[in-house]
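A, B, ... follow the sequence lines: proteins, then strands. Residue 1 opens every chain.
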Amino acid sequence: MPELPEVETTKRGIAPHILDQTIINVIVRDRRLRWPIPEQLQLEATGQKVISIKRRGKYILIETIAGTIILHLGMSGNLRILASDTPPKKHDHVDFIFNNNQCLRLHDPRRFGACLWTTEDPLDHKLLKDIGPEPWDDAFTANMLFKRSRNRTLAIKNFIMDSKVVVGVGNIYASESLFQAGINPETPAGKISLNRYKKLFIAIQKILEKSIQQGGTTLKDFTNSSGQPGYFKQELLVYDREGKPCVNCERPISKVVIGQRSSFYCNLCQKK
DNA sequence: ATGCGGACCTGTTAGC
DNA sequence: TGCTAACAGGTCCGCA
């Protein structure tokens with residue numbers, strides 16, 4: 001479900017409800033996520049006040065003095081702010097109950113998500129320490145993409161989806177940014193010129209920004225922390241538009257599987 | 001080091 | 001209508 005814009009939308013939605021609030025209870029109903037929810041989380045987060053809510057890549061970090069809750073929504077997760085007495089539904093894995101009577105609830109049917117606890121600097125955590133720059137970091141540039149891609153043979157789509165290269169470009173926005181940049185998704189990353197990487201760099205930033213403004217993309221079931229959908233779907237130019245006319249040339253949009261993921265592109269507007 | 005494929009899951013939809 | 005197969009927004013890990 002969530003790519004970076006959806007995670008950012010979620011973060012912005014929950015932050016005002018839980019910042020400076022104290023966690024009075026952590027209710028774990030189903031520990032089974034990508035990794036089991038640690039018991040230490042319940043023991044050590046209970047009684048702690050939230051001092052900041054951050055996002056790094058697709059991870060949401062809820063910081064307290066004692067440690068940090070690391071959340072990942074995986075493919076199907078969402079976080080909701082609810083009244084603390086709202087009855088749980090299927091796949092509601094964990095509730096954080098706050099002193100203001102609010103409940104932050106993690107729901108994740110496919111269980112690819114994560115809910116972890118660290119007492120170290122979360123950026124040093126195993127899952128976070130080696131990930132690449134944010135799309136708006138100074139470290140993320142066209143030049144960096146160009147240099148890092150030299151001698152790489154993998155498809156450009158897989159290259160930009162590699163979280164060690166840049167975080168936050170998931171399957172939807174990878175297709176969209178490559179369309180915007182006029183690059184065929186199967187092009188070997190190492191064969192793309194600096195000029196084309198400049199276009200791609202701009203496209204990635206622009207698309208992610210725009211999607212965040214629209215509250216993310218709802219394909220079927222993404223909702224923000226209040227249960228509202230995102231509106232970026234109406235701006236998708238190629239994703240899930242196989243056979244429909246290209247907005248530039250009206251040729252039907254093609255679909256190809258790259259790295260086991262569906263990829264959409266215009267065979268005329270996007271060159272290898 | 002790089003690149004690929006499998007693995008982890010459930011729910012929904014497409015197709016017979 | 002009902003069964004089955006394919007597919008879905010992520011990403012870690014092991015192997016060649």
Worksheet item: How far does the P atom of dA7(B) sit from the matching atom of dA6(C), given to the nearest Å?
Response: 15 Å
Discussion item. Tell me the interatomic distance from Asp108(A), atom CG, to dT11(C), atom P, rounded to whole angstroms.
Written reply: 12 Å
Practice prompt. Looking at every strand, decide which applies to Phe232(A) at a 4.0 Å heavy-atom threshold: base, sugar-phosphate, or nothing.
Written response: nothing
Practice prompt. With Arg148(A) as the cation and Phe146(A) as the aromatic partner, state whether NZ or CZ is under 6.0 Å from the six-membered ring centre and within 45° of the axis.
Written response: no
Worksheet item: Can you find a donor-acceptor pair, distance only, under 3.5 Å between Glu3(A) side chain and dG10(C) base?
Response: no
Worksheet item: Going by atom types alone, do Tyr197(A) and Ser149(A) pair a side-chain donor with an acceptor below 3.5 Å?
Response: yes
Worksheet item: In whole angstroms, how far is the P atom of dT11(C) from the CG atom of Leu33(A)?
Response: 15 Å
Discussion item. When the P atoms of dT12(B) and dT11(C) are compared, how many Å lie between them, rounded to an integer?
Written reply: 23 Å
Item to complete: Give a yes/no on whether any side-chain N or O of Arg34(A) is located under 4.0 angstrom from OP1 or OP2 of dT11(C).
Response: no
Item to complete: Can you figure out which of dG6(B), dG11(B), dT11(C) approaches the side chain of Gln260(A) most closely?
Response: dG6(B)
Item to complete: For dC3(C) versus dC9(B), give the span between their P atoms, rounded off to a whole number of Å.
Response: 26 Å
Discussion item. Looking only at the aromatic ring of each residue, does the gap between the centers of Phe179(A) and Tyr265(A) stay below 6.0 angstrom?
Written reply: no
Worksheet item: For dA1(B), does either OP1 or OP2 sit under 4.0 Å from a side-chain N or O belonging to Arg152(A)?
Response: no
Fill in: Aromatic stack Phe112(A)/dC8(B): centroid gap under 5.5 Å, interplanar angle under 30°
yes
Worksheet item: Taking atom C1' of dG9(C) as reference, at what distance in whole Å does atom NZ of Lys157(A) sit?
Response: 11 Å
Worksheet item: Does dA8(C) have OP1 or OP2 sitting under 4.0 Å from an N or O in the side chain of Ser262(A)?
Response: yes
Worksheet item: Among dC13(C), dG10(C), dG11(B), which nucleotide sits nearest the side chain of Lys126(A)?
Response: dC13(C)
Item to complete: For the pair Glu6(A) and Lys58(A), find out whether any cationic side-chain nitrogen is under 4.0 Å from an anionic carboxylate oxygen.
Response: no
Worksheet item: For Glu242(A) and dA6(C), what is the distance between atoms CD and C1' respectively, to the nearest whole Å?
Response: 14 Å
Practice prompt. Determine, for Asp30(A) against Arg32(A), whether the closest basic-nitrogen to carboxylate-oxygen distance falls under 4.0 angstrom.
Written response: yes
Item to complete: Starting from P on dC7(C), measure out to OH on Tyr239(A) and report it in whole angstrom.
Response: 12 Å
Discussion item. Applying a 4.0 Å non-hydrogen cut-off, can you work out what Lys164(A) is touching in the nucleic acid: base, sugar-phosphate, or nothing?
Written reply: nothing
Worksheet entry | Distance, rounded to the nearest Å, where Arg32(A) contributes CZ and dT10(B) contributes P | 7 Å
Discussion item. Heavy atoms only, 4.0 Å cut-off, all strands: where does Tyr59(A) land among base, sugar-phosphate and nothing?
Written reply: sugar-phosphate
Worksheet item: For atom P, what is the distance between dG9(C) and dG3(B), given to the nearest Å?
Response: 22 Å
Worksheet item: Does Thr153(A) have a side-chain nitrogen or oxygen under 4.0 Å from the phosphate oxygens OP1 or OP2 of dG3(B)?
Response: yes
Discussion item. So, under a plain 3.5 Å distance rule, would you say the side chain of Arg110(A) forms a donor-acceptor pair with the base of dA8(C)?
Written reply: yes
Worksheet item: Charged N to carboxylate O below 4.0 Å: is that the case for Glu63(A) and Lys54(A)?
Response: yes
Worksheet item: Would one find a side-chain N or O of Lys90(A) under 4.0 angstrom from OP1 or OP2 of dG11(B)?
Response: yes
Worksheet item: Rounded to whole angstroms, how far apart are CG on Leu73(A) and P on dT10(B)?
Response: 18 Å
Discussion item. The side chain of Leu154(A) is closest to which nucleotide in this list: dG3(B), dA8(C), dC12(C)?
Written reply: dG3(B)
Worksheet entry | Pairing nucleotide - dG5(B), Watson-Crick or G-U, each distance under 3.5 Å | dC13(C)
Discussion item. With a 4.0 Å limit, can you tell me whether Arg111(A) has a side-chain N or O closer than that to the phosphate oxygens OP1/OP2 of dT10(B)?
Written reply: yes
Worksheet item: Across all strands shown, which nucleotide pairs with dT13(B) by Watson-Crick or G-U wobble geometry, both distances under 3.5 Å?
Response: dA5(C)
Worksheet, complete the sentence: Ile172(A) atom CD1 is separated from dA8(C) atom P, nearest whole Å, by 11 Å
Discussion item. Between His91(A) and dG11(B), is there a contact of a side-chain N or O with OP1 or OP2 at under 4.0 Å?
Written reply: yes
Worksheet item: Considering only dC12(C), dG10(C), dA8(C), which nucleotide approaches the side chain of Trp35(A) most closely?
Response: dC12(C)
Discussion item. Check the phosphate of dG11(B) against Lys89(A), side-chain N and O only, distance under 4.0 Å to OP1 or OP2. Yes or no?
Written reply: no
Item to complete: Inspect the contact between Asp240(A) and Lys255(A) and indicate whether a charged nitrogen and a carboxylate oxygen are less than 4.0 angstrom apart.
Response: no
